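Shown next, in structure tokens, is the structure this report addresses.
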Amino acid sequence: MSETIHTQFNVLPLSLDLVAGPELPPMVLAGDKAHTVGRSSTCEVQLPDKAVSRSHAQIRARAGLWQILDLGSKHGTYLNGVRLEANEVSPLRHGDLLSIDPWTFRLRLGNARGGGTETANDVTVVTQRVSAMPVADLATLAQQRLALLIDASVTTQSAQTEEELAGVVLNAALSGTGFARAAIVRTDATFERVEVRAVAPESARDTGFSRSLLRGASSGEIVTLSQEGGHDDGLALSIVSLNIQSAVCAPIHLGTAIEAYLYLDAREGERGVHAQSGAFCKALSRMYGTALGNLKRLEVERLRGQLRAELEAAGVAQSYILPSADGAIGRVSYAFKSRPGRFASGDLFDAVEMPEGRVGVFLGDVAGKGAAAAIVMAVAQTHLRGLLSQGASAQDAVESLNRYIAPRNREGQFITLWLGVFDPGAGTCDCIDAGHGYWGIRPQGAAPHQPEYEQHLVVGVDPDYVYAPTRLTFAPGSRLMVCSDGVIEQCGPTGEMFGRERAMASFGATTSLRQDVDTLVEQVLAFAGTDALSDDVTVASIHCS
């Protein structure tokens, strides 16, 4: 379904704040359309690097919530350190860590920056005091700290929340190092402000943080800061507002991305710091990252499972309102087949008996996918069925649905629709095409074609729009096939769309209603090279005897 008219209401803009990777311009995504992320210059979010696929992922808003969909990228899309499955929707939340190599972003809802705590700009004068801690130091941990690490390891793996996990690690850090304060902090690529995720003691929340230390740890290794040698060559000036005597900063990784930092410091006049504190903190940061990764993975799986369950429930509910796959009403017969892109479908189809031997048939497509589209589909199908069964004309039925949907449309769920009222006695079909376009007629003994018709606006945008029908000749023996845009716009492995020509060629080679729909769906699946179609696929064929 094309989403150029889609308008998303009541959703905060989503900012992608750069945490790591090459410099990029600020990126704030509005909820009025889907945003393709990729290397191609046509992408709304362009990430120019060979590790990024041309069309890598899609970020979009649905029902007031942001979602992400990996589009089958070669090197993957990572949410909170978890690689997303291709073509499976995952919810996005404020504070999530999104990684598309070589970039890492922190997701932020709303345009305003959070308050945070400003870091001390000590980069220019204390860089020489920041040094990396060799990995070999891990082997020289004192025995008493080993007991602390073992206890912390057991406790972190059983932690149920991020807050509980942070508390365990901060307490162990203070006990095993001698530092007076410890914190878990986040920062962006500028290192100018930090978000304090947890701190001990609580009174240390606003005591300030060393920018040079955070920047040093952004390389992926633990770094230390000390005043060995006294207050010489301007060192005191560099920490004038902090009075830092010594400090340690250890990066906390989620996969390959840095999620946060374990930051400890001691100020002037405070008790001394134990030797090898850096190695101890490095062990704690690794422990924290592993446990946090497990929590994040479980949360992603929980949210994904919840979304899948909702969609499956919507799919079951839809089955109750769809007609049988094959049917006949008087002299009009039909066959249809529908495959949801993911559990529930936004496509609607029905064949309705009308007074005086007429038959109403419609096929439509609700913008978007999933539960929200499925609900709108159910409302539209029920509304049209009720009107047609009472004898409403094609124009009255579509205009009534439009007047009902448009004022209530809070999520931009417009509908493309083809609706026809067949009159076998007169050999005619009064049809309305509301932004749909994917249909054709095959007269008996002739090739399929699409007749001239009046094109109309999609349903659900302008409540006062007038839908004038087009009268088609539909003689006995003719067949009419109509399909959703999931057929035409399905892409193959090379990115090429299935297209109208293939659909018409399929229609021209078949001889029965059931063969019409089955063959076309089979050809779409073969063309896609996968059972996981990118959109809902519905095909219907109608015959008049």
Side-chain angles (χ1 to χ4, degrees), residues 323 327-336 348-365 380-381 383-403 405 415-485 488 500 503-504 507-508 513 516 538-545:
I329 303 173
R331 293 168 56 187
V332 176
S333 303
Y334 73 87
F336 93 100
L348 54 146
F349 171 78
D350 211 344
V352 184
E353 183 177 6
M354 299 177 64
E356 301 174 353
R358 295 174 297 150
V359 177
V361 179
F362 56 86
L363 188 149
D365 187 354
Q381 180 147 332
H383 193 96
L384 289 173
R385 166 170 272 280
L387 290 168
L388 292 172
S389 64
Q390 295 174 22
S393 67
Q395 181 172 0
D396 288 344
V398 176
E399 289 183 355
S400 174
L401 176 64
N402 184 53
R403 287 193 300 270
I405 294 291
I415 305 169
T416 68
L417 178 69
W418 185 92
L419 182 146
V421 173
F422 294 85
D423 188 339
T428 62
C429 172
D430 289 342
C431 77
I432 291 175
D433 188 307
H436 197 78
Y438 303 130
W439 58 282
I441 289 181
R442 185 179 178 185
Q444 188 172 26
H449 69 285
Q450 187 174 68
E452 294 292 327
Y453 67 96
E454 187 170 354
Q455 301 180 42
H456 292 292
L457 182 67
V458 297
V459 173
V461 175
D462 179 2
D464 300 319
Y465 188 85
V466 176
Y467 293 89
T470 297
R471 175 155 290 184
L472 307 173
T473 298
F474 198 70
S478 299
R479 301 205 309 274
L480 184 149
M481 188 171 73
V482 56
C483 63
S484 63
D485 66 355
I488 307 302
R500 297 171 184 264
M504 277 296 189
F507 188 28
L513 297 180
D516 290 345
T538 300
V539 183
S541 187
I542 301 99
H543 172 264
C544 186
S545 61

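Bear in mind that the values here come from a model prediction, so they are computed numbers and not experimental data.
Side-chain contact between Trp439 and Pro448 is absent, with no heavy atoms from C-beta onward closer than 4.5 Å. Using a 4.5 Å cut-off on side-chain heavy atoms (C-beta onward), Leu388 and Val421 make contact. Contact check for Pro469 versus Arg471: no side-chain heavy atoms found under the 4.5 Å cut-off. Residues Pro323 and Gln381 form a side-chain contact, since some pair of their non-hydrogen atoms from C-beta on lies under 4.5 Å apart. Side-chain contact between Leu363 and Cys483 is absent, with no heavy-atom pair separated by less than 4.5 Å. Looking only at side-chain heavy atoms (C-beta outward), Leu348 and Leu384 come within less than 4.5 Å of each other. Between Pro443 and His449, the closest side-chain pair of non-hydrogen atoms falls below 4.5 Å. At least one side-chain heavy atom of Leu417 sits under 4.5 Å from a side-chain heavy atom of Val398.
Annotation for Pro355 and Gly391: closest pair CD-CA, 3.6 Å, computed over non-hydrogen atoms. Heavy atoms only, all atoms of each residue included: Ile441 and Leu472 are closest at CD1-CD1, 3.8 Å. Contact record, Gly357 with Pro424: O-CD, 3.4 Å, taken as the closest heavy-atom pair. Between Ser541 and Asp516, the shortest heavy-atom contact is OG-OD2, 2.7 Å. The minimum heavy-atom distance between Ala351 and Ile329, with the atom names listed, is O-CD1, 3.7 Å.
With Ser389 contributing its side chain and Gly386 its backbone, the two residues share a donor-acceptor pair below 3.5 Å. Checking side-chain atoms of Asn402 against main-chain N and O of Asp462 turns up a donor-acceptor pair under 3.5 Å. Looking at Ser484, its side chain never comes within 3.5 Å of a backbone N or O of Asp365 through a donor-acceptor pair. Checked by atom type and distance alone, the side chain of Arg385 never pairs as donor or acceptor with a backbone atom of Asp350 at under 3.5 Å. Under a 3.5 Å cut-off, the side chain of His436 and the backbone N or O of Gly364 do not form any donor-acceptor pair. No donor-acceptor distance shorter than 3.5 angstrom exists from the side chain of Ser333 to the backbone of His543, with no hydrogens or angles considered. Side chain of Arg331 to backbone of Pro476: no donor-acceptor contact under 3.5 angstrom is found.
Partners of Phe336 under the ring-ring contact (aromatic ring centres under 6.0 Å, His included) rule, at least two apart in sequence or in another chain, are Phe349.
Ring pair His456/Tyr465 is perpendicular by interplanar angle, where above 60° counts as perpendicular and below 30° as parallel.
For the atom pair Asp485 CG and Thr538 OG1, the distance stands at 10.0 Å (nearest 0.5 Å). Interatomic distance, CG of Asp433 versus CD of Gln455, reported as 7.0 Å (0.5 Å rounding). For the atom pair CD (Gln390) and CE (Met354), the distance works out to 10.5 Å, reported to the nearest 0.5 Å. Rounding to the nearest 0.5 Å places CG of Leu480 at 5.5 Å from CZ of Phe474.
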Report the C-alpha separation of Val361 and Tyr334 in whole Å, then their side-chain angles, then the decisive distance to 0.1 Å, and conclude whether the side chain to side chain contact (heavy atoms under 4.5 Å, CB included) test is met.
-> CA-CA 9 Å; Val361 179; Tyr334 73 87; 5.8 Å; no
Would you sort out whether Val459 and Tyr467 count as a side chain to side chain contact (heavy atoms under 4.5 Å, CB included), showing the intermediate values?
-> CA-CA 10 Å; Val459 173; Tyr467 293 89; 4.0 Å; yes
Could you check Gln395 against Val466 for side chain to side chain contact (heavy atoms under 4.5 Å, CB included), going step by step and ending with a plain yes or no?
-> CA-CA 8 Å; Gln395 181 172 0; Val466 176; 3.7 Å; yes
Under the side chain to side chain contact (heavy atoms under 4.5 Å, CB included) criterion, do Asp430 and Ser393 qualify, and how do the steps go?
-> CA-CA 9 Å; Asp430 289 342; Ser393 67; over 6 Å; no
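Summarising the local packing, CD of Gln450 is surrounded by more than 12 heavy atoms from other residues, nucleotides or ligands at distances under 6.0 Å.
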